[in-house]
Protein chains: 2
Amino acid sequence: MEADKTQKLLKEKLKEKGLKVTHQRLLVLSVLEENSGSHMTAEDIYDLVSEDYPEIGLATVYRTLQLLWDMQLVDRINFGDGCVRYEIGHLLNGETKHNHHHLICKRCNKVMPFDDDLLESLEDHIEKATGFHVLDHELKFYGLCKDCMKKQR
Amino acid sequence: MEADKTQKLLKEKLKEKGLKVTHQRLLVLSVLEENSGSHMTAEDIYDLVSEDYPEIGLATVYRTLQLLWDMQLVDRINFGDGCVRYEIGHLLNGETKHNHHHLICKRCNKVMPFDDDLLESLEDHIEKATGFHVLDHELKFYGLCKDCMKKQR
DNA sequence: CTCCTTGCAAATTGTTTGCATACCT
DNA sequence: AGGTATGCAAACAATTTGCAAGGAG
């Protein structure tokens, strides 16, 4: 149901640019959609798409992710663990803004989401103070999770 | 003057762990200190250290940066351009907290610092709400800088 | 004298590119 | 048909690792 809407949007945007609607592009987007909430690497996505469509190549996944990102259909996140991660775009995600942040444990590397929209007003302030037009933000907190705090020597 | 303090701290931390004080380690830290405010890649640091100490190897720089990061003497930043960047740790930087953020222009890739300590209270809130102990945060705003806004078609 | 550390080169890992073929429109 | 997309393998770039030799405590 939601998925239909997403696909339709992708098809529109492709047509707009004279690009083609292919199996691979639809599949990558749908995997991202089915796993909304997880932070997936290109390899993760490749593995999942491969289940339905084994002949896909990893390079195509990279090219498609780049494309989806250019079209603002997916978000990129980087936890500094050496690979870029993707999730379904916040524009498609129901919410009007991207207001979920990440708590990253320095010891066990667990990543937890955290919701807050405190930053809206800060964005307005930035625009007025610097002339920089904010489109999106990314906020990460590094520290120790509850479990690791307990285990702390 | 400040540099002495930094070196002393490094020496202490090394001794604490039974590790050795080497030229290379001191030099990497001092380059970072001299360039406080810039966001340097391992390669940048390697080039600068090489001027004083040409026999250093790039691998040593990587190993040293890892070490300094473990010891909380330097901060890591990732602008998603394919390489990790480093700057002198906020603990050493005079301030008590790391409250400078980044405005990243999506068009020209310029990076501008932006200071604000609005997040302190948010950190307290997180600790109470989730049990996650926050050590540091990283906040990036993506958008269009003043110049690129003007040039906008 | 013992272990930690280094430099070098080789190995890894994530990602990109070139090219001939296959596929949308 | 005509140009876009794909799969594969080779190319790349940033970072890591193995190892023998050098240096700090």
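Naming: A, B, ... by sequence-line order, numbering from 1 per chain. Computed from heavy atoms alone, side chains included, the values below leave out hydrogens, waters and symmetry copies.
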Worksheet item: Would one find a side-chain N or O of B/Tyr62 under 4.0 angstrom from OP1 or OP2 of D/dT16?
Response: no
State, with a plain yes or no, whether a side-chain heavy atom of [X] is found less than 4.5 Å away from one of [Y].
| X | Y | answer |
| --- | --- | --- |
| A/His137 | A/Leu122 | no |
| B/Leu139 | A/His101 | no |
| B/Leu48 | B/Met40 | yes |
| A/Leu29 | A/Ile88 | yes |

Quickly work out the [X] [atom1] to [N] [atom2] distance and round it to whole Å.
| X | N | atom1 | atom2 | value |
| --- | --- | --- | --- | --- |
| B/Arg76 | D/dT15 | CZ | C1' | 11 Å |
| B/Gln66 | D/dA14 | CD | P | 18 Å |
| A/Leu65 | D/dA5 | CG | P | 15 Å |
| B/Asn78 | D/dT15 | CG | C1' | 13 Å |

Worksheet item: Looking at residues at least two apart in the chain, or sitting in another chain, which of them share a salt bridge (charged side-chain N to carboxylate O under 4.0 Å, His left out) with A/Lys110?
Response: A/Asp147
Fill in: Of B/Tyr53 and B/Gly18, the one whose closest DNA chain C nucleotide lies more 5'
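Closer to the 5' end of DNA chain C: B/Gly18.
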Discussion item. Under 4.0 Å, counting only non-hydrogen atoms across every strand here, what does B/Glu43 touch: a base, just sugar-phosphate, or nothing?
Written reply: nothing
Worksheet item: With sugar-phosphate meaning primed atoms plus P, OP1 and OP2, does A/Tyr46 contact a base, only sugar-phosphate, or nothing at under 4.0 Å between heavy atoms?
Response: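 Answer is nothing: A/Tyr46 stays at 4.0 Å or more from every strand.
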Fill in: Ring geometry between B/Phe114 and A/His125 (parallel below 30°, tilted from 30 to 60°, perpendicular above 60°)
perpendicular
Worksheet item: Can you check whether A/His39 and A/His102 have ring centres sitting under 6.0 Å from each other?
Response: yes
Tabulate atom names and distances for all N/O pairs under 3.5 angstrom spanning the protein and nucleotides 9-13 of chain D.
none

Fill in: Nucleic acid footprint by protein, nucleotides 19-25 of chain D - heavy-atom cut-off 4.0 Å, B for base, S for sugar-phosphate alone
----BBS
Practice prompt. Could you tell me whether the side chains of A/Ser50 and A/Asp47 share a donor-acceptor contact shorter than 3.5 Å?
Written response: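 No, no side-chain donor-acceptor pair sits under 3.5 Å.
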Between side-chain atoms of residues 53-69 of chain A and protein atoms elsewhere (two or more places apart, or another chain), which donor-acceptor pairs fall under 3.5 Å?
residue, atom, partner, partner atom, Å
A/Tyr53, OH, A/Gln24, NE2, 3.4
A/Thr64, OG1, A/Thr60, O, 2.7
A/Gln66, OE1, A/Arg76, NH2, 3.2
A/Gln66, NE2, A/Asp70, OD1, 3.1

Worksheet item: For DNA chain C, which nucleotides open and close the run of contacts to chain A, 5' to 3', at under 4.0 angstrom from a non-hydrogen atom?
Response: C/dG14 to C/dT25
Discussion item. Regarding A/Lys140 and A/Glu138, does a basic nitrogen lie under 4.0 Å from an acidic carboxylate oxygen?
Written reply: yes
Worksheet, complete the sentence: With sequence neighbours left out, the residues meeting side-chain hydrogen bond (donor to acceptor under 3.5 Å, both in side chains) with B/Asn35 are none
Discussion item. Can you work out whether B/Arg85 or A/Thr60 has the more 5'-proximal nearest nucleotide on DNA chain D?
Written reply: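 The 5'-side residue here is A/Thr60.
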